[in-house]
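Each chain gets a letter, A, B and so on, in the order the sequences are listed, and its residues count up from 1. All heavy atoms count here, side chains included; hydrogens, waters and symmetry mates do not.
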Amino acid sequence: MIWQLELALFAMLVVPAIVALQVRDLIASVAALTIYSLIVAALLAMMGAVDVALTEAALGAGITGVLFIGALSLTRRRSVD
Amino acid sequence: MTEPHDSLILHFIVRAFMVPFIIVFGIYVLVHGEASPGGGFQAGAIVAAAFVLARLTLGREHAVNRFPTRVLIWTASLGMAVYLLAGVVPLFFGANFLDYSQLPVGWFNNIATHDETLRARGIFIVEFGVFLAVLGTLGILYDYLTERYLDD
């Protein structure tokens with residue numbers, strides 16, 4: 001486990017999380033969440049939890065984004081708060 | 001997100017490479033789940049991702065005609081039934097609920113698994129049930145979220 005790489009991944013993890021919370025366009029928010037899931041999957045694989053990393057990569061970075069966009073197509077695209 | 005994409009390259013790549021390889025990788029994760037990372041849930045999620053990719057790219061009508069929502073519902077129900085049977089059947093052989101080392105599947109060892117222990121035979125049956133259930137449920141989720149486009 002290389003701690004520099006892990007620190008870099010954790011630093012990268014903060015950016016899409018903040019973007020997903022702050023951005024007004026909800027599809028951009030879903031894209032940021034997908035990037036977040038991908039970085040989390042890389043982190044989990046580095047920590048040795050390959051089972052969880054597989055699940056996170058397939059569900060978090062794959063299907064959840066599609067389901068979120070499918071749900072967004074039933075409502076409005078921009079957030080109002 | 002339900003109309004077929006009109007790029008020929010995208011169709012070719014998805015139909016000839018991505019969907020078959022993702023499904024083969026999912027089956028690999030399922031079969032080797034007892035000895036290496038992976039298992040029924042992960043394999044089901046990976047294969048369901050391939051199905052959703054096919055539905056996104058090739059258009060809803062084409063993909064749904066190949067693998068209808070009705071079949072997905074039956075798949076999920078069959079997975080649940082397999083899991084439940086793997087739990088209930090050991091009760092009739094004098095063991096506890098879900099004690100799959102007592103499942104009467106001695107013949108299964110000759111065709112499927114490299115592991116000689118009794119638990120490895122039963123865990124594959126449970127994993128297969130979980131695989132079918134997760135695959136069917138994730139497909140149903142996508143199909144019902146985009147269902148209103150069917151009427152257009």
Query raised in the report: At a heavy-atom separation under 4.5 Å, does B:Leu138 approach chain A through its side chain, its backbone, both, or neither?
Result: side chain

Report task. Assess whether atom CZ of B:Arg15 is packed by more than 12 heavy atoms of other residues, nucleotides or ligands within 6.0 Å. Result -> yes

Requested in this report: Scan residues 9-31 of chain B for pairs that pass ring-ring contact (aromatic ring centres under 6.0 Å, His included), counting only residues two or more places apart or in two chains.
Outcome: B:Phe12-B:Phe17, B:Tyr28-B:His32

Report task. Side chain from CB out, backbone as N, CA, C, O: work out which of these in B:Ala43 comes under 4.5 Å of a heavy atom of chain A, or both, or neither. Result -> neither

Query raised in the report: For the atom pair OG1 (A:Thr55) and CD1 (B:Ile46), what is the distance rounded to the nearest 0.5 Å?
Result: 8.0 Å

Query raised in the report: In this structure, are over 12 heavy atoms from other groups packed under 6.0 Å from A:Gln22 atom CD?
Result: no

Query raised in the report: So which heavy atom on B:Gln42 is nearest to which on A:Asp51, and how close?
Result: NE2-O, 3.2 Å

Query - Side chain proximity check, A:Val66 to B:Leu53, heavy atoms < 4.5 angstrom - result: no

Report summary line: On a heavy-atom basis, the closest approach of A:Leu67 and B:Leu145 is O-CD1, 3.3 Å

**Report entry** Distance (rounded to the nearest 0.5 Å) between B:Phe41 CZ and A:Leu54 CG
**Finding:** 11.5 Å

**Report entry** hydrophobic_cluster_shared for A:Met46 and A:Tyr36, side chain cutoff 4.5 Å
**Finding:** yes

Query raised in the report: Got more than 12 heavy atoms from elsewhere within 6.0 Å of CZ, A:Phe68?
Result: no

Query raised in the report: For the hydrophobic clusters of this structure (ILVMFWY residues joined by side-chain heavy atoms under 4.5 Å, transitively), does one cluster hold both B:Ile23 and B:Leu78?
Result: yes

